[in-house]
Amino acid sequence: MAFEGIRRIVVAGGSLAGYSAVSELLAADFSGEIVWVTGEKEGAYSKPALSKEFLQGKSEHSELFLPEIADPRGNLRILRNVKCRSLEAERRIVHLDDGASIEFDGLILCTGATARMPAITRGMEGVLGLRTLEDALAIKAELARRPRIAILGGGLIGCELAASMRSFGFEITLIEGAPMLLGRTFGAVLGDYVRELHERNGVAVLTGATIEALEARDGRVAAARLSDGQVIETDLVLVGAGSAPATGWLEGSGLALSDGVVCDATLASSHPGIYAAGDIARWHNPYYGAEMRVEHWTSASAQGRAAARNLARSGVGSSEAPVAFADVPYFWSDQYGLKLQMVGRHDGHDHIEMQETADRAHPLLTFHRGGQLVAAAGVNASRAVMRYRKQIEDEVKARDRVAEPC
Ligand SMILES: Cc1cc2nc3c(=O)[nH]c(=O)nc-3n(C[C@H](O)[C@H](O)[C@H](O)COP(=O)(O)OP(=O)(O)OC[C@H]3O[C@@H](n4cnc5c(N)ncnc54)[C@H](O)[C@@H]3O)c2cc1C
């Protein structure tokens with residue numbers, strides 16, 4: 001691979017996108033220096049496991065970590081416990097929060113996202129979000145008191161928290177402002193299925209419900225007051241209110257930002273030599289002809305690798321040009337021993353088909369728009385969902401003549 005004129009590459013962010021980018025740079029035999037500013041105390045770890053096996057006590061702390069990256073040339077410098085404080089895109093300098101500054105020829109931005117904590121949830125003991133290993137450890141530390149738990153938000157994280165906490169038999173109230181759980185993610189049919197699943201497993205589900213205030217006793221949360229006047233007594237509030245791209249440190253850098261780092265189809269930012277990958281990247285997805293930011297594990301991994309390859313191709317005088325990154329988004333969620341999966345994007349669908357499955361207990365749905373398959377979702381139907389992923393890719397490619405993803 002090329003890398004013409006690129007002597008030092010900084011990778012910012014020590015989770016999956018950063019890990020994938022660094023692995024790819026090393027695999028591509030980049031002979032210059034790679035500086036990986038991880039922002040982490042330890043190595044890169046699996047976030048999906050945090051809300052599932054790890055909280056349920058089925059996996060140990062040490063099992064969360066991704067394999068160590070081999071560094072055969074000795075040209076990888078890993079900076080832990082340090083974060084990027086700011087960026088001067090024009091001058092190609094990253095400033096770190098320990099006072100150091102690093103000049104670079106190439107930069108891959110992988111600083112991901114942070115948990116959204118609504119104003120009413122801030123600054124009160126017994127109210128916790130979940131985004132990082134530290135967050136998961138803080139939640140685990142609360143469990144010995146066998147708390148009654150109110151979960152704010154019925155999205156993926158909120159639902160997984162509810163399922164994991166029910167595995168200990170705790171009393172759970174799941175509070176969601178929208179009319180259904182996971183409706184935006186999975187659509188109405190699966191939204192109803194997920195609600196039924198939680199209720200069958202003993203969760204009190206309140207939809208269309210807004211928490212107006214949290215009430216404290218002796219400085220610690222004691223109740224959640226809803227806007228309809230209902231009061232839910234609780235010992236612990238867990239917040240699953242979505243996430244926001246971690247672009248704070250890039251304000252004033254000169255990069256185009258808009259709900260993430262704005263990128264073209266090749267994951268290139270508005271400045272030459274600067275790419276973005278993972279939860280932080282808002283890129284033009286050629287499969288959909290639209291800008292999107294995808295917060296899913298497999299996309300972060302594929303984008304990290306693609307951004308590294310495109311950075312290599314972007315060198316002055318390179319014989320290869322950067323290649324568009326086209327992706328049919330995919331995610332999964334594990335709840336009560338069931339695997340829920342979705343591929344594609346169902347927004348704007350005009351037709352849903354229930355597909356026949358051998359196991360009639362679990363739904364498998366396809367979503368269509370203008371006669372085209374645009375998404376599929378199912379429960380315990382991995383093979384079928386993956387077949388639909390391929391079909392969606394093929395149909396979009398045939399329709400829009402999209403190039404193979406890089
Ligand atoms: C609890 C949980 C469960 C999930 N479950 C699933 C699932 O089941 N399926 C699925 O598809 N996806 C799931 N996801 C989403 C998936 O984990 C993310 O899409 C993925 O972690 C994104 O990786 P990333 O590297 O882009 O960003 P992140 O994982 O957010 O990592 C960002 C990294 O950047 C570092 N950083 C932040 N700011 C700075 C800075 N200023 N300087 C240097 N470093 C910085 C952070 O320390 C971190 O290492 C889950 C996420 C969470 C939180």
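Note that these values count all heavy atoms, side chains included, but never hydrogens, waters or copies made by symmetry. Just so you know, ligand 1 is whichever comes first in the structure, and atom 1 is the first atom listed for that ligand.
Closest to atom 53 (C) of ligand 1, if we only count protein heavy atoms, is R131 O, 3.6 Å. Protein heavy atom nearest atom 27 (O) of ligand 1, with residue, atom name and distance: G112 CA, 3.2 Å. Summary of contacts: the protein heavy atom closest to atom 23 (O) of ligand 1 is A300 CB, 3.7 Å. For atom 35 (C) of ligand 1, the nearest non-hydrogen atom of the protein is T38 O, 3.5 Å. What sits closest to atom 15 (C) of ligand 1 on the protein, heavy atoms only, is E295 O, 3.7 Å. Looking only at heavy atoms of the protein, atom 31 (O) of ligand 1 is closest to S15 CB, 2.9 Å.
Checking A281, A115, G240, P48 against atom 50 (C) of ligand 1, the nearest heavy atom belongs to P48. Selection from D97, T111, T114, L156 by nearest heavy atom to atom 37 (C) of ligand 1 gives T111. Among W297, Y45, W36, the residue whose heavy atom sits closest to atom 16 (C) of ligand 1 is W297.
Those atoms of ligand 1 with a heavy atom of G278 less than 4.0 angstrom away are 26 (O). The I157 neighbourhood of ligand 1 comprises atoms 1 (C), 2 (C), 3 (C), 52 (C), with distances under 4.0 Å to a heavy atom of that residue. Within the listing of ligand 1, atoms 30 (O) sit less than 4.0 angstrom from a heavy atom of A113. The H296 neighbourhood of ligand 1 comprises atoms 11 (O), 12 (N), 19 (O), with distances under 4.0 Å to a heavy atom of that residue. Near W249, meaning under 4.0 Å from any of its heavy atoms, are these atoms of ligand 1: 41 (N). In summary, the atoms of ligand 1 found under 4.0 Å from a heavy atom of C110, numbered by their order in the structure, are 32 (C), 33 (C), 34 (O). For ligand 1, the atoms sitting less than 4.0 Å from at least one non-hydrogen atom of E40 are 46 (C), 47 (O), 48 (C), 49 (O), numbered in the order shown with element in parentheses. Listed by number with element, the atoms of ligand 1 under 4.0 Å from a non-hydrogen atom of K52 are 5 (N), 6 (C), 7 (C), 8 (O).
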| task | For ring-ring contact (aromatic ring centres under 6.0 Å, His included), just list the numbers for Y45 and H61, CA-CA rounded to whole Å, side-chain angles, deciding distance to a tenth of an Å, and then say yes or no. | result | CA-CA 9 Å; Y45 55 87; H61 185 150; 8.4 Å; no
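The shortest N or O to N or O distance between L16 and ligand 1 is under 3.5 Å. Between G14 and ligand 1, at least one pair of N/O atoms sits closer than 3.5 Å. At least one N or O atom of K47, backbone or side chain, sits closer than 3.5 Å to an N or O atom of ligand 1. Annotation: T298 places no N or O atom under 3.5 Å from an N or O atom of ligand 1; distance criterion only. Where the criterion is an N or O separation shorter than 3.5 Å, residue side chain and backbone included, C84 meets it with respect to ligand 1. Any N or O atom pair closer than 3.5 Å counts here, and A17 shares at least one such pair with ligand 1. Considering backbone and side-chain N/O atoms, W332 comes within less than 3.5 Å of an N/O atom of ligand 1. Any N or O atom pair closer than 3.5 Å counts here, and D279 shares at least one such pair with ligand 1.
Between E142 and I149 there is no side-chain heavy-atom pair separated by less than 4.5 Å. Using a 4.5 Å cut-off on side-chain heavy atoms (C-beta onward), I211 and L226 make contact. Contact check for V221 versus T121: no side-chain heavy atoms found under the 4.5 Å cut-off. Contact of the F3 side chain with the D29 side chain is not registered, since no non-hydrogen atoms from C-beta on lie closer than 4.5 Å. Residues L130 and S51 have side chains in contact (heavy-atom distance under 4.5 Å, counting atoms from C-beta outward).
S167 places no side-chain N or O within 3.5 Å of a backbone atom of Q56 that could act as its donor or acceptor partner. Side chain of S299 to main chain of P329: no donor-acceptor pair is present (N/O by atom type, distance under 3.5 Å, no hydrogens or angles).
Across every non-hydrogen atom of F170 and P147, the tightest pair is CB-O, 3.7 Å. Taking both residues in full, the closest heavy atoms of H198 and Y336 are given as ND1-OH, 2.8 Å, listed atom of the first, atom of the second, then distance. The shortest non-hydrogen separation linking D327 to Y288 is O-CE1, 3.5 Å.
The aromatic rings of F186 and F331 are tilted relative to each other, their planes meeting at an angle between 30° and 60°. A tilted orientation is assigned to the rings of W283 and F325, their planes being inclined by 30° to 60°.
Using a cutoff of 4.0 Å between basic side-chain nitrogens and carboxylate oxygens, R145 and D235 are not scored as salt-bridged.
With V205 as the partner, the side chain to side chain contact (heavy atoms under 4.5 Å, CB included) test is satisfied by one option alone out of E199, E176, M180: E199.
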